[in-house]
Amino acid sequence: MQNSFFENQFQSNRKESEPLAQRMRPDTLDEFVGQPHILGKGKMLYRMIEADKISSIILYGPAGTGKTTLAHIIANKTQSEFVSLNAVTSGVKELKEVVDAARKNLGMYGKRTILFLDEIHRFNKAQQDALLPFVEDGTVTLIGATTENPYFEVNAALISRSTIFALQPLSTEEIETVIRHALADKQKGYGNYPIDISQEAVHYWADTANGDVRIALNALELAFLTTPKDKDGVISVSLAIAEETIQKRAVKYDKNGDAHYDTISAFIKSMRGSDPDAALYWLAKMLYAGEDPKFIARRMVIFASEDVSNADPYALTLAVSVFRAVEIIGMPECRINLAHGVTYLACAPKSNASYMALYAATDDVQKKPTAPVPFHLRSTGHKGSKNLGNGVGYLYPHSFENHYVEQQYLPDEFRNAHYYFPSNMGCEAKLDAYLKSLKKQKPSESE
């Protein structure tokens, strides 16, 4: 009896001390804001929830987009038993307990069990494998939530038995709607309090939150709790106060997640597309989010050979110098070196001819029989090599006019192979012209 009293008191006190973002979680789909591509009326997920016909699903998207809220709405709507676990604090033991209870519910009452597994990507392969048989035989219906790409972080077998729904960051307008709802709500929000917040403050929160509604609501709560009432008893929140509650824009960027790979991809493609402005934007985003500048510099070194190459041979020298400067100087000053290198590489003439040539040659090496080195190209430096015919017939280019003489350097099987096709860009155009001039030259041995 005493334990029950303390539990009730705990729940009452916990409810009162809940953060605003937690209190404002919608209870129904009609209250939910955002994700019209999957929750618009008539969309599959909307129909599944409304009809209480949930099959195993995985909700994938950035923080603050409504994954846990959707699970909360499903829990309110469903007639099934709803169990919630967090993969950070739960393991196989907790899963076994859920499964045992699910079997009893299904066997005794014909009642399904829905398991909401938050941060499912935190389960290792063995833990996910332990869950698989019970999802497969219908003992539990899985709702997984993850901020990581499920195709990388969730077992393929679980993926194949689930429908994946990708949630998108909320728009500025959608977050403004949530903020205004929190200000008006008299049960869960601040509708009973004399509070006046400028439109500029609301917009600042919504814009700076970068799609994460919790950040905006946390900022609103902080402003409410820390701003004293004026002489009329009103809590007035200006833009200046709003700026104090969020002093740095939230940036979606996980160094091991999609945002990392997508951003570096956009960075490389912008340089390849000769757009220095776009390349600088993605560089700025990565640095702002805390990306390792050496990682960026390494990608620039690769880019210099892969995408600029002989169109501007100096690009590789510059990229390596930038990498070395980043190593020596470090943040924050090495940003200057990175900007120097990025703008040069973006503006440099482009050619991938050398990389594609290697790709073509590698293809021949991998897919065709290995050809021996022609005798006239073999080494004559080891014992008995001349007796084997090594080096016989080799023409020394420096003994000829312009240090060039036409002879076969490829094996007989590949004698007509052609891999390198110089472009007409920058210095590579000169290389192309030089190679063509050599082909026209008549062989004549120098005196």
Side-chain angles (χ1 to χ4, degrees), residues 8-28 30-35 61-73 76 86 118 147 167-254 259 284-285 287-290 332:
N8 291 337
Q9 194 63 37
F10 166 75
Q11 293 296 341
S12 176
N13 292 338
R14 184 183 65 82
K15 194 70 177 174
E16 291 179 6
S17 62
E18 272 185 337
L20 177 65
Q22 179 68 22
R23 297 199 308 269
M24 290 305 301
R25 282 194 190 280
D27 295 318
T28 67
D30 289 338
E31 297 174 5
F32 192 90
V33 176
Q35 315 307 330
T65 53
K67 300 183 296 296
T68 305
T69 297
L70 275 177
H72 173 73
I73 291 172
N76 290 340
N86 189 299
D118 201 6
T147 56
L167 283 72
Q168 303 298 329
L170 272 67
S171 69
T172 300
E173 293 75 17
E174 288 169 340
I175 296 180
E176 285 189 21
T177 298
V178 174
I179 293 172
R180 296 208 172 280
H181 180 61
L183 290 170
D185 193 307
K186 294 184 177 182
Q187 289 186 320
K188 299 183 289 186
Y190 297 136
N192 292 319
Y193 296 90
I195 182 168
D196 178 35
I197 300 183
S198 70
Q199 170 57 31
E200 290 82 3
V202 171
H203 180 76
Y204 175 81
W205 283 330
D207 181 57
T208 310
N210 260 21
D212 188 334
V213 71
R214 283 184 303 197
I215 290 175
L217 290 176
N218 289 341
L220 167 59
E221 184 175 34
L222 182 59
F224 172 79
L225 294 173
T226 60
T227 304
K229 295 178 180 178
D230 61 20
K231 60 182 181 179
D232 298 320
V234 176
I235 299 173
S236 297
V237 179
S238 63
L239 175 60
I241 293 174
E243 288 173 342
E244 286 185 307
T245 59
I246 305 181
Q247 297 187 11
K248 182 177 179 179
R249 178 176 293 276
V251 174
K252 305 292 183 189
Y253 194 86
D254 183 338
K285 177 185 176 182
L287 293 175
Y288 183 85

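Values below: every heavy atom of this structure, side chains too, minus hydrogens, waters and symmetry copies.
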Next item on the list: Kindly indicate, with the supporting measurements, whether the criterion side chain to side chain contact (heavy atoms under 4.5 Å, CB included) is fulfilled by T245 and W205.
Entry: CA-CA 9 Å; T245 59; W205 283 330; 2.8 Å; yes
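Between atom CD1 of residue I235 and atom CD1 of residue I197 there is a gap of 8.5 Å, rounded to the nearest 0.5 Å. Interatomic distance, CD1 of I195 versus OG1 of T227, reported as 7.5 Å (0.5 Å rounding). For the atom pair E243 CD and S238 OG, the distance stands at 8.5 Å (nearest 0.5 Å).
The side chain to side chain contact (heavy atoms under 4.5 Å, CB included) search around T177 returns V33, not counting sequence neighbours. Every residue two or more places apart in sequence or in another chain that forms a side chain to side chain contact (heavy atoms under 4.5 Å, CB included) with D196 is listed here: V234, S236. Checked against side chain to side chain donor-acceptor pair (under 3.5 Å), D207 has the following partners two or more places apart in sequence or in another chain: R249. Under the salt bridge (Lys or Arg N to Asp or Glu O under 4.0 Å) criterion, D230 pairs with no residue at all, not counting sequence neighbours. Remark: H72 pairs with D27, N76 by the side chain to side chain donor-acceptor pair (under 3.5 Å) rule, at least two apart or across chains. Residues satisfying the ring pair (Phe, Tyr, Trp, His ring centres under 6.0 Å) criterion with F32, sequence neighbours excluded, are absent altogether. Residues that satisfy the side chain to side chain donor-acceptor pair (under 3.5 Å) test with R25, not counting sequence neighbours, are Q22, T69. Looking at residues two or more places apart in sequence or on another chain, you find a side chain to side chain contact (heavy atoms under 4.5 Å, CB included) between T226 and L222.
Across all non-hydrogen atoms, the minimal contact from T65 to Q168 is CG2-O, 3.4 Å. Residues G66 and L167 share a closest heavy-atom pair of C-CD2, 3.9 Å. Nearest heavy-atom pair, P62 versus P169, reported as atom, atom and distance to 0.1 Å: CG-CG, 4.0 Å. Considering all non-hydrogen atoms of both residues, A242 and A201 come closest at CB-CB, 3.7 Å. T147 and A63 make their closest contact through CG2-N, 4.0 Å (heavy atoms, listed as atom of the first residue, atom of the second, distance).
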Identify each donor-acceptor pair in which a side-chain atom of residues 213-221 lies under 3.5 Å from a protein atom, sequence neighbours left out, and give them as a table.
unit_1 : atom_1 : unit_2 : atom_2 : d
N218   : ND2    : R214   : O      : 3.2
E221   : OE1    : L20    : N      : 3.3
E221   : OE2    : L20    : N      : 3.1

Donor-acceptor pairs are to be reported for all side-chain atoms of residues 178-187 against protein atoms at under 3.5 Å, with residues two or more places apart or in another chain.
unit_1 : atom_1 : unit_2 : atom_2 : d
R180   : NH2    : Q199   : OE1    : 2.2
D185   : OD1    : Q187   : N      : 2.8
D185   : OD1    : K188   : N      : 2.8

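Taking the six-membered ring where tryptophan is involved, the planes of Y190 and F224 are essentially parallel, since the angle between them stays under 30° and well short of 60°.
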